[in-house]
Amino acid sequence: MKKFLCVLLAAMLVMALAAGGGGDDGQTATASFVEGDSAAASTPEAGGEDNTPSGDEILIGGLAPQTGEVSQYGMMAMHGAELAVKEINAAGGVMGKQVMFNCLDEQGDATEAVAAYNKLMQDGMVALWGDVTTKPSLAVAQRAVEDDIVMITPTGTGADITIDRPNVFRACFTDPYQGELMAKYAKEELGAATASVLYDSTDDYSEGVYESFKATAESIGLEVLDEESYEQGASDFNAQLTKIKNKNPDVIMVPCYYEDASKIIAQARGLGIESKLLGPDGWASLLGHMDESNLAALDGAYYSNQYDMANPGTEMQKFMADFEAEYGEAPDMFAALGYEAMYLLCTSIDNAGSTDTGEIVQAFHRVDYTGLYGRISYENGNDPTRGACIVEFKDGTEVSLGMYTA
C-alpha cells in the first residue's frame with residue numbers, strides 16, 4: 001500500500017532489545033521486542049509477562065539467529081525488519097493498528113526454531129516473519145502450513161521452503177536460481193570451460209546451490225571436472241582442494257556461508273590454486289570475516305547478491321543512511337531483505353484488510369511493491385520476481401558488476 005512507501009520524518013518509536021521467550025522445551029530464547037506505542041522495554045519470558053497484543057495492536061512473530069554461528073545474518077535481517085516496523089507504525093500501522101514485532105532467537109537451529117515458533121503461536125501472532133536460514137525455515141514452514149498462518153522468509157533460499165506451501169512466501173531469490181546464474185556467468189562472462197565444486201554435503205543450502213550449478217553447467221557445456229564435499233564443522237579443506245588443484249579447473253564453485261568460505265579461499269590460495277572462485281549470497285559479510293593478511297586471497301572471487309549496494313539508488317541510499325543512524329553500522333544484503341520482507345508482509349495484510357490467511361495470501365499475489373532496488377511481485381507464485389547482482393572482490397574491496405539475470 002502506498003502509505004508504507006512514505007517514510008515519515010516524525011519521531012521514531014522506541015525499540016527495545018530484550019532477553020527471554022522460552023520455547024515449549026523449556027529452553028530460553030532471546031527476543032527482540034518492538035511495540036508500536038510502548039515507551040518501555042519489554043522482557044518476555046516463559047511463564048512471565050503476557051505478550052498478547054492489545055485491541056489496537058497486531059502481533060507479527062519473528063524468528064532469527066541472534067546468537068550462534070550465523071548470528072551475523074540473523075541480527076542484520078532482524079534489524080532491517082525492526083526499522084521497517086518503526087516506519088510502518090509511524091505511517092499509521094496496519095489496518096489502523098500498530099504492529100508489535102516479537103523476534104525470538106533460534107540460534108540457527110531447526111529444533112530451537114520450532115520451539116520458538118510454538119511460543120509465538122501461543123502469544124497470538126497473526127503472521128510470521130522468518131526464519132532466516134534454510135534448515136530452520138524448512139522446519140517452521142511445515143508448521144505454518146499445518147497451523148494455516150502466513151509466513152515470509154526474508155533470506156531462506158532453499159527451494160523447498162515454498163514448494164507446495166501456498167501460505168509460505170520468500171523475499172529473496174532461491175538456491176537453484178543462484179546455482180543456475182553462477183554457472184551461466186562463469187561460462188558467458190568469465191569464459192570458463194571447466195569447473196570444480198566444493199560443497200557442504202550436510203547443508204541443504206550448500207547442496208541446493210551445488211546441484212543446480214552442476215545441472216546447469218552440464219546443460220550449457222561447462223565441464224564439471226571434480227565434485228568434492230565436506231561435512232559441517234570441518235576446518236581443514238586441503239585434501240579436497242589438492243584434488244581440485246590437480247584438475248586445474250577454470251572456476252571453482254564454493255556454495256557455502258561466509259565462515260566456511262573464508263577458510264576455503266585462504267587454503268585454496270595457500271595451495272597455489274589460481275582458479276576463479278564462485279559463491280552464492282552466503283558469501284555476504286565474507287570481507288569482514290577474512291583475516292587482513294589474507295585479503296589478497298579474495299582477488300578473482302565472485303558471488304551473487306540480492307542488491308547492488310555499491311551503487312545505491314535513492315530508496316537504497318535512504319535505507320542505508322537510516323539503518324546506520326539507528327544501529328551504528330552499515331546494512332548488508334540481509335538487512336535489506338529483512339526490511340523488504342516486513343514491508344511485503346505488512347502491505348499484504350493491510351491490502352487484505354484482514355488477518356485471515358486466505359485473504360492475505362490473495363493479497364500477496366496482487367501486491368505490486370517498489371522495493372529498495374526495484375519492483376517486487378508474486379504474480380508467478382510464492383517466490384518473487386527479481387534480479388541478482390554479481391560482486392567481485394578486488395584489492396580488498398567489493399566491486400559491484402551490475403545486475404545479471406539467468
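- Taking both residues in full, the closest heavy atoms of Thr134 and Gly158 are given as OG1-N, 3.3 Å, listed atom of the first, atom of the second, then distance.
- The structure places CG of Asp332 at 10.5 Å from NE2 of His79, a figure rounded to the nearest 0.5 Å.
- With Val70 as the fixed residue, the side chain to side chain contact (heavy atoms under 4.5 Å, CB included) test singles out one of Thr133, Val132, Asp109: Thr133.
- Of all heavy-atom pairs spanning Ser304 and Leu181, the tightest one is CB-CD2, 4.0 Å.
- In terms of heavy-atom proximity, Ser354 sits nearest to Ile360 at O-CG1, 3.6 Å.
- No side-chain donor-acceptor contact under 3.5 Å links Gln232 and Asp203.
- Classification of the Tyr185-Tyr302 ring pair by plane angle, with boundaries at 30° and 60°, yields tilted.
- A distance of 8.0 Å separates CD of Glu180 from OG of Ser219, quoted to the nearest 0.5 Å.
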Q.
Quick one, Thr174 with Asp383, criterion side-chain hydrogen bond (donor to acceptor under 3.5 Å, both in side chains). Give me CA distance, side-chain angles, the key distance, then yes/no.
A. CA-CA 8 Å; Thr174 66; Asp383 297 330; 5.5 Å; no

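- In this structure, His365 NE2 and Ser377 OG are separated by 11.0 Å, a value rounded to the nearest 0.5 Å.
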Q.
Please evaluate residues Met95 and Thr355 with respect to the criterion side chain to side chain contact (heavy atoms under 4.5 Å, CB included), reporting the C-alpha separation (whole Å), side-chain torsions for both, the decisive distance (0.1 Å), and the verdict.
A. CA-CA 9 Å; Met95 297 190 305; Thr355 57; 3.7 Å; yes

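- In terms of modelled atom types and a separation under 3.5 Å, the side chain of Arg170 and the main chain of Gly156 share a donor-acceptor contact.
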Q. Step by step, would you call Thr397 with Asp395 a side-chain hydrogen bond (donor to acceptor under 3.5 Å, both in side chains)?
A. CA-CA 6 Å; Thr397 62; Asp395 299 325; over 6 Å; no

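- With hydrogens and angles ignored, the 3.5 Å screen pairs a side-chain donor or acceptor of Gln267 with a backbone N or O of Phe237.
- Between the side chain of Asn382 and the main chain of Ile163, no donor-acceptor pair closer than 3.5 Å is present.
- Rounding to the nearest 0.5 angstrom, the gap separating the CZ atom in Phe334 from the CG atom in Asp281 is 5.5 Å.
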Q: List the steps and the verdict of side chain to side chain contact (heavy atoms under 4.5 Å, CB included) for Arg269 and Leu277.
A: CA-CA 10 Å; Arg269 298 310 190 206; Leu277 298 164; 3.6 Å; yes

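- Checked for salt-bridge contact, Glu315 and Lys318 miss the test: no charged N lies under 4.0 Å from a carboxylate O.
- Closest non-hydrogen pair, Val361 versus Asn167, comes out as CG2-CA, 3.8 Å.
- Side-chain contact annotation: Tyr373 with Glu340, donor-acceptor N/O pair under 3.5 Å absent.
- Of all heavy-atom pairs spanning Met403 and Cys389, the tightest one is SD-CB, 3.6 Å.
- Aromatic ring pairs are classed by plane angle as parallel below 30°, tilted from 30° to 60° and perpendicular above 60°; the pair Tyr73 and Tyr258 is perpendicular.
- Between Phe101 and Trp129, the ring-plane angle classifies as perpendicular under the 30° and 60° cut-offs.
- Using a 3.5 Å distance cut-off with no hydrogens or angles, the side chains of Glu106 and Tyr117 do not pair a donor with an acceptor.
- Ring pair Tyr378/Phe169 is perpendicular by interplanar angle, where above 60° counts as perpendicular and below 30° as parallel.
- Across all non-hydrogen atoms, the minimal contact from Leu298 to Met290 is CD1-CG, 3.8 Å.
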Q: Please assess Val254 against Ile265 for the test side chain to side chain contact (heavy atoms under 4.5 Å, CB included), listing each intermediate value before the final yes or no.
A: CA-CA 9 Å; Val254 186; Ile265 292 170; 5.9 Å; no

